[in-house]
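Below: the structure, in structure tokens.
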Amino acid sequence: MNTIIKKVDFINPEINEDVFLQAALIIKNGGLVAFPTETVYGLGANALDPIAVKKIYAAKGRPSDNPLIVHISEISEIYPYVKDISEKAEKLMDAFWPGPVTMIFKKTNLIPAETSGGLDTVAIRFPENKAARFFIKKAGFPIAAPSANSSGRPSPTRASHVEFDLNSKIDMIIDGGYAEFGLESTIIDVSGEVPCLLRPGSVTKEMIEDVIGEINVDKAVLEKLENGEKPKAPGMKYTHYSPLAEIIIVNGDINSVVDKINFLVKERLIEDKKIGVIATEQTKDRYFCDNIIIIGDRNKPEEIASNLFRVLRKCDYLGLSKVYTEAFDESGIGLALMNRLKKAAGYNIIYA
Ligand code: AMP
Ligand code: MG
């Protein structure tokens, strides 16, 4: 299959209407179109068409029990697809939509089992990115879209990442530049009594609690699950975000971390492996290593979060086999950042 790649202006998508009409035609005919959002690139299909949705799983190599997020372009579009919207859910919709928050509701029969991974709930997101909304609007139905990467690889924050993973496996990529937040959406289950955070993201637990009071947090957000334990978001059980390189997180006070990483790099060099270090602006000049990748400013966790997946992909691009990284503070967006980094490292953490 020849994958069509077209650039669009994500601030004024209307000027590229022809591209969106072409994408809408593909998706109406049951095809797959990758599109930009403010979190990561999504791989879209008609959420109401089981055959189209199955193609997403095939292109990504995604396990079929891992449900998809359904994207809408206006709040009013949600009503045919969900059963009850609680008062707390309404408050969250008011506060954070459009934006990087996905909410889980009880679903109606219009959502096929293929889209919901066989669950009786459905994940809904109303993205902020104008190109994403323009695309959904032109399609005329909700778009099911997981991240547009090969399953298990770091999520794509650039059209070039989508092309690398899925070229010739999907019909089209809408290139709308880089994804602003760079981490997948926050997922909150509002289908039960007490809302529960299933996946942390750039809308933080603290921000949510400011609006609706205390929420629960699924265990999979905080720690590695034991064998047999099930996360409430099925996708959280899979190895994720992994580059080919082995990633090792070194935690502790920053001076000890730098010393420890320098010690480990020196020790490993005899093994004749290509070693790398993920460093910050503050520490980049303190490492003795040929491959130093700068992830951002330690004092700007949003910047580090938005660079994370690009940096993990760069580890592969450089052909690294072992990469040491500093750990980051876990408050605010740091919870989401460290959740993704720990998964990329397979929970391989050393204390300095
Ligand atoms: P992705 O779009 O690749 O970021 O993955 C979507 C995430 O949403 C996965 O972790 C899914 O398991 C989760 N998800 C989607 N639908 C539901 C649902 N109905 N209940 C719980 N988690 C869901
Ligand atoms: Mg994903």
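Residues: numbered from 1 along the sequence shown. Whatever order the structure lists them in is the order used to number ligands and atoms, beginning at 1. Values below: all heavy atoms of this structure, side chains included; hydrogens, waters and symmetry mates excluded.
With ligand atoms numbered from 1 in the order given, ligand 1 contributes 12 (O), 21 (C), 22 (N) to contacts under 4.0 Å with heavy atoms of Ala233. Each of the following atoms of ligand 1 lies closer than 4.0 Å to a heavy atom of Leu119: 18 (C), 19 (N), 20 (N). Of all atoms in ligand 1, listed by their number and element, those nearer than 4.0 Å to a heavy atom of Arg199 are 1 (P), 4 (O), 5 (O), 7 (C). Atoms of ligand 1 lying under 4.0 Å from any heavy atom of Ile187, numbered from 1 in the order shown and given with element: 7 (C), 8 (O), 13 (C). Ligand-side atoms of ligand 1 in range of Thr121: 18 (C), 19 (N), 20 (N), range being under 4.0 angstrom from any heavy atom. Close contacts between ligand 1 and Ser147 involve ligand atoms 1 (P), 2 (O), 3 (O) [criterion: under 4.0 Å to a heavy atom]. The Lys232 neighbourhood of ligand 1 comprises atoms 21 (C), 22 (N), with distances under 4.0 Å to a heavy atom of that residue.
Look at Lys219 and Glu229 and you find a salt bridge, because one of the NZ, NE, NH1 or NH2 atoms lies within 4.0 Å of a carboxylate O, short of that distance. For the pair Lys137 and Glu77, the salt-bridge criterion is met [side-chain N within less than 4.0 Å of a carboxylate O]. Taking a cutoff of 4.0 Å between a charged side-chain nitrogen and a carboxylate oxygen, Asp189 and Lys232 qualify as a salt bridge. Residues Glu193 and Lys88 are not paired through a salt bridge, judged by the lack of any N-O separation under 4.0 Å between the basic side chain and the carboxylate. Salt bridge Arg340/Glu184: present, at least one basic N to carboxylate O contact under 4.0 Å. Remark: Glu17 engages Lys138 in a salt bridge, criterion side-chain N to carboxylate O under 4.0 Å.
The residue Asp189 has no part lying near ligand 1, judged by heavy-atom distances below 4.0 Å. Of the heavy atoms in Asn66, only side-chain atoms (C-beta onward) come closer than 4.0 Å to ligand 1. At a heavy-atom cutoff of 4.0 Å, ligand 1 is contacted by no atom of Thr102, backbone or side chain. Neither the backbone nor the side chain of His71 has a heavy atom within less than 4.0 Å of ligand 1.
Screening residues 303-320 for side chain to side chain donor-acceptor pair (under 3.5 Å), with sequence neighbours left out, gives Arg153-Asp316, Asp165-Arg313, Asn307-Arg310.
One option in Ala220, Gly42, Gly117, Pro67 has a heavy atom closer to atom 14 (N) of ligand 1 than any other, and that option is Pro67. Among Ile69, Leu198, Ile104, Thr39, the residue whose heavy atom lies closest to atom 18 (C) of ligand 1 is Ile104. Comparing heavy-atom distances from atom 5 (O) of ligand 1 across Arg62, Arg125, Glu184, Lys60 singles out Arg62 as nearest.
Within the 4.5 Å cutoff, the side chain of Val311 has no heavy atoms near those of the Pro154 side chain.
Residues meeting the ring-ring contact (aromatic ring centres under 6.0 Å, His included) test with Phe10, sequence neighbours left out: none.
Counted by atom type alone, Thr37 and Arg125 present one or more donor-acceptor pairs between their side chains at under 3.5 Å.
Lys107 does not count as a contact of ligand 1, since none of its heavy atoms falls under 4.0 Å from the ligand. Residue-ligand proximity: Pro234 is placed with a non-hydrogen atom under 4.0 Å from ligand 1.
The Mg ion (ligand 2) has an N, O or S atom of Ser147 inside 2.8 Å of it.
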Inset, instruction - Using the salt bridge (Lys or Arg N to Asp or Glu O under 4.0 Å) rule, take Arg158 and Glu163 through it: C-alpha gap first, then chi angles, then the decisive distance, then the call. - result: CA-CA 9 Å; Arg158 307 268 189 290; Glu163 187 183 355; over 6 Å; no

